[in-house]
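Below: the structure, in C-alpha cells.
A note on names: the letters A, B, ... follow the listed sequences, proteins ahead of strands, and every chain is numbered from 1. All values below were derived from every heavy atom in this structure, side-chain atoms included, with hydrogens, water molecules and symmetry-related copies excluded.
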Amino acid sequence: MIKSITGTKDILPAEIPYWQRLESIVEKIFSSFNYKEIRTPVFEETNLFVRSIGEETDIVGKEMYTFNDKSNASITLKPEMTASVARAFIEHSFGKLQPLNKFYYISPMFRQERPQAGRQRQFHQFGGEALGSASPLLDAEIIIIAFRILASLNLKDLTVKINSLGVPSSRENYKNILRNHLDGKKNQLSEDSRKRFDKNILRIFDSKVESDQEIIKDAPVLIDFIDEESKKDFELVKTLLKQSKVPFEVDTKLVRGLDYYTKTTFEIVSGKVGSQNALCGGGRYDLLIEQLGGAPTPGVGFAAGMERILLACQNEKSLNLPGEKIDLYITRVDEDLTQKVFELAVYFRQESLIVEFDYLGRSVKAQMREANKLNARFVLFVGGEEFKSKKLILKIMATGEQKEYPLEELNEIKSFIYDEVYKSYPNY
RNA sequence: GUGAGCGUAGCUCAGUUGGUUAGAGUAUCAGGUUGUGGCCCUGAGGGUCAUGGGUUCAAUCCCCAUCGCUCACCCCA
C-alpha cells in the first residue's frame, strides 16, 4: 500500500471544519487590522533562504528540502514565509508604492526533521508581516493580533513571552561579555552547549540540561546591555500590551533561532501540546530587506503553527463546532422513480440547499437510516401512490410530522425549508 | 541525525507461558412482514496477526533485519 510520505498527513473531511474555523478567524482578525493576504510559490531559489535565515541556523544547515531542477538550479521548498514575503516585497517594489505595507498569509511549509507531537515535515503556518516602519506600535500590534487569534479559539493555557535582542552592535558587545563570563566554565557545559559557545553563544540559554541552567543562572543578561533606543522601544511595547490587556511575561532568555531578528522578539507557548510547545513566534527584523538587496526597510512579523494550534484546541476542547447537517434527503419509494429523484435533487441543489439521495438502489428503510445518519432536517418521499396523484410527502425529521405538497408546487417546499432552516440558524 | 516504545479487522483494542477453523466493541451492509429514521434485536462481509529471514515437528507469539508509526533529544511553528 502506498502511504503518505513520512511527516506528512492527509487532512480528512472530518477535520476540515476545524481548519476552516481557524482560517476564517485568521482572515477576520488580520482584516480588522487591515493586513492584506499574500500568496507566494511553495518553492524558491535556495539562496533566498540561505541569505535571509542564515547559513549557521539549523533550518538552513540540515532541515531544508533542497533539490536541483532539470536546468540544475537549486530549488528549496519554503521552510518559513518571511523570506518569501520579503522577496515579493522587493520584487514588486511595494516600498515605493506606499511607506507601510501589511501582509498576512496561510501556507504550507516544509522542513525535513524527525516528526513528533506537534511537528511534521509538511505543516501549515499563518502569519503576518508589517514592512516599512520601525515603530514599536507595530511590534505591539503584531503580538496583539497573534494573541487575539489564539484567544478567539478559546485557548486558555497560553503564555506570551517577550524579549528584546537589541541592535546587532549592542548584541555583539554583549556576546563578548557573555563569552568572557562563561570562558572559565566552558568545559563544565554540556556537549551541545559547548558547540553553541562557538557557533551561537546566545542559544546556551535555551538549553534544557540542568547543569547548563545552573551555570548560566547568574550570567549577565542581554536585556541589560542593549542600546538605549531598543530599551525605549521595548518599554513602549510593554505599555501598549498592558493597555490592550494582553498578559505577557518578559523572558530574558528568549533567544530566537533565526539570524534576522533584531529588537523585539516574542513567542506564545501552550501547556497543552507536548514538548513542541511554541504555537507562534516572531519579532522585528529591521535589516532583512536591505540584506536581500532592497532599500533599507524595517519590518516585524510572526508565524504560527496551525497543526499545533489545532492540537491545543483539541486538547483543551476549546472549539465547539455544531454537528454537520444536510437540509434535504430525497427518498425514492419505487425503483423506477430514480430519475425523478435525480431531477428533484438537482432542482433543490440549485436553490442552494444541501441535498442528498440514494445512488445505490437501497430499500426505503436503508435510505431513512442514511437520512438520519446525515442529520437531514427534511426528507422528501417520492412514491408510487402519491406520485400517481401528483403529490409529494415532506417529513420533518425532528418531529416526525409529515406534510403533503402538490408535485407542481416545488416552490412551496423550498420556501418552507428555507423558513425552517432560517429560524434555527439566523445567520444561515 | 540520536534514543526509547510500538506495529492483530476501516477504527479502538483483547489474545495465544509457541499447537489445528484468530476474538470483542464500534463502524459497514442486510433483515426484524408488503412504502418511513433515531433505541433495540438478528445475521453477514471484513484480517497473508507490518514485511523478509532464522530457531522449531509447529511461530501471530521467540530471535535478527527491514519498513512504518509514536514519543523524546536537537531545533523550531
Sugar-phosphate only, base, or nothing, as touched by A:G127 at under 4.0 Å among non-hydrogen atoms: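 Contact class for A:G127: none.
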
Ring centroids of A:F381 and B:G35 base under 5.5 Å with planes under 30°: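 It does not: the two rings, one from A:F381 and one from B:G35, miss the stacking criterion.
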
Give me, pair by pair, the N or O atoms of the protein and of nucleotides 66-68 of chain B that are less than 3.5 Å apart, along with how far apart they are.
{"from": "B:G68", "atom 1": "O2'", "to": "A:K3", "atom 2": "NZ", "distance (Å)": "3.1"}

Thinking salt bridges, do [X] and [Y] make one under a 4.0 Å N-O criterion?
X      : Y      : result
A:R377 : A:E420 : no
A:E249 : A:K161 : no
A:E316 : A:K156 : no
A:E141 : A:K102 : yes

Rounded to whole Å, how long is the line connecting atom [atom1] of [X] with atom [atom2] of [N]?
X      : N     : atom1 : atom2 : answer
A:Q120 : B:C71 : CD    : P     : 10 Å
A:Y261 : B:C76 : OH    : C1'   : 10 Å
A:I145 : B:A77 : CD1   : C1'   : 17 Å
A:E63  : B:C75 : CD    : P     : 10 Å

Plane angle bin for A:Y174 and A:F225 - parallel if under 30°, tilted between 30 and 60°, otherwise perpendicular: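 The arrangement is tilted - the two ring planes meet at 30° to 60°.
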
Ring centroid separation A:F357 to A:Y359 under 6.0 Å: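 Yes; A:Y359 has its ring centre under 6.0 Å from that of A:F357.
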
Partner of A:S107 by side-chain hydrogen bond (donor to acceptor under 3.5 Å, both in side chains), out of A:Q125, A:E80, A:R39, A:K78: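 Exactly one candidate clears the test, A:K78.
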
Side-chain donor/acceptor of A:Q112 to base of B:G1, under 3.5 Å: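 No.
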
Base B:C76 paired with A:E113 side chain (donor-acceptor, <3.5 Å):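 In this structure, the two groups form no donor-acceptor pair.
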
Heavy-atom closest contact (A:I330 atom, A:V341 atom, distance):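 Closest pair (atom of A:I330, atom of A:V341, distance): CG2-CG1, 3.7 Å.
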
Secondary structure of RNA chain B in dot-bracket form (Watson-Crick or G-U wobble, distances below 3.5 Å, | marking inter-strand pairs): (((((((..((((.....[...)))).(((((.......))))).....(((((..]....))))))))))))....

Mind listing the N/O atom pairs, protein and nucleotides 37-43 of chain B, below 3.5 Å?
{"from": "B:G37", "atom 1": "O2'", "to": "A:N372", "atom 2": "ND2", "distance (Å)": "3.3"}
{"from": "B:G37", "atom 1": "N7", "to": "A:K395", "atom 2": "NZ", "distance (Å)": "3.3"}
{"from": "B:G37", "atom 1": "O6", "to": "A:M397", "atom 2": "O", "distance (Å)": "3.3"}
{"from": "B:G37", "atom 1": "N1", "to": "A:M397", "atom 2": "O", "distance (Å)": "2.6"}
{"from": "B:G37", "atom 1": "N2", "to": "A:N372", "atom 2": "OD1", "distance (Å)": "3.2"}
{"from": "B:G37", "atom 1": "N2", "to": "A:M397", "atom 2": "O", "distance (Å)": "3.4"}
{"from": "B:G37", "atom 1": "N3", "to": "A:N372", "atom 2": "OD1", "distance (Å)": "3.2"}
{"from": "B:G38", "atom 1": "O4'", "to": "A:N372", "atom 2": "ND2", "distance (Å)": "2.9"}

[X] vs [N]: side-chain N/O to OP1/OP2 distance below 4.0 Å:
X      : N     : result
A:R362 : B:C29 : yes
A:Q116 : B:A72 : yes
A:S363 : B:G31 : yes
A:S275 : B:C71 : no

Test salt bridge (Lys or Arg N to Asp or Glu O under 4.0 Å) applied to A:E356 and A:R349, step by step: CA-CA 9 Å; A:E356 191 54 287; A:R349 284 163 172 169; 3.3 Å; yes

Candidate nucleotides B:C75, B:U36, B:A30, ranked by approach to the side chain of A:I393 - the nearest: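 Nucleotide nearest to A:I393's side chain: B:U36.
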
Which nucleotide in B:C74, B:G31, B:U36 has an atom nearest any side-chain atom of A:R196: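 Nucleotide nearest to A:R196's side chain: B:C74.
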
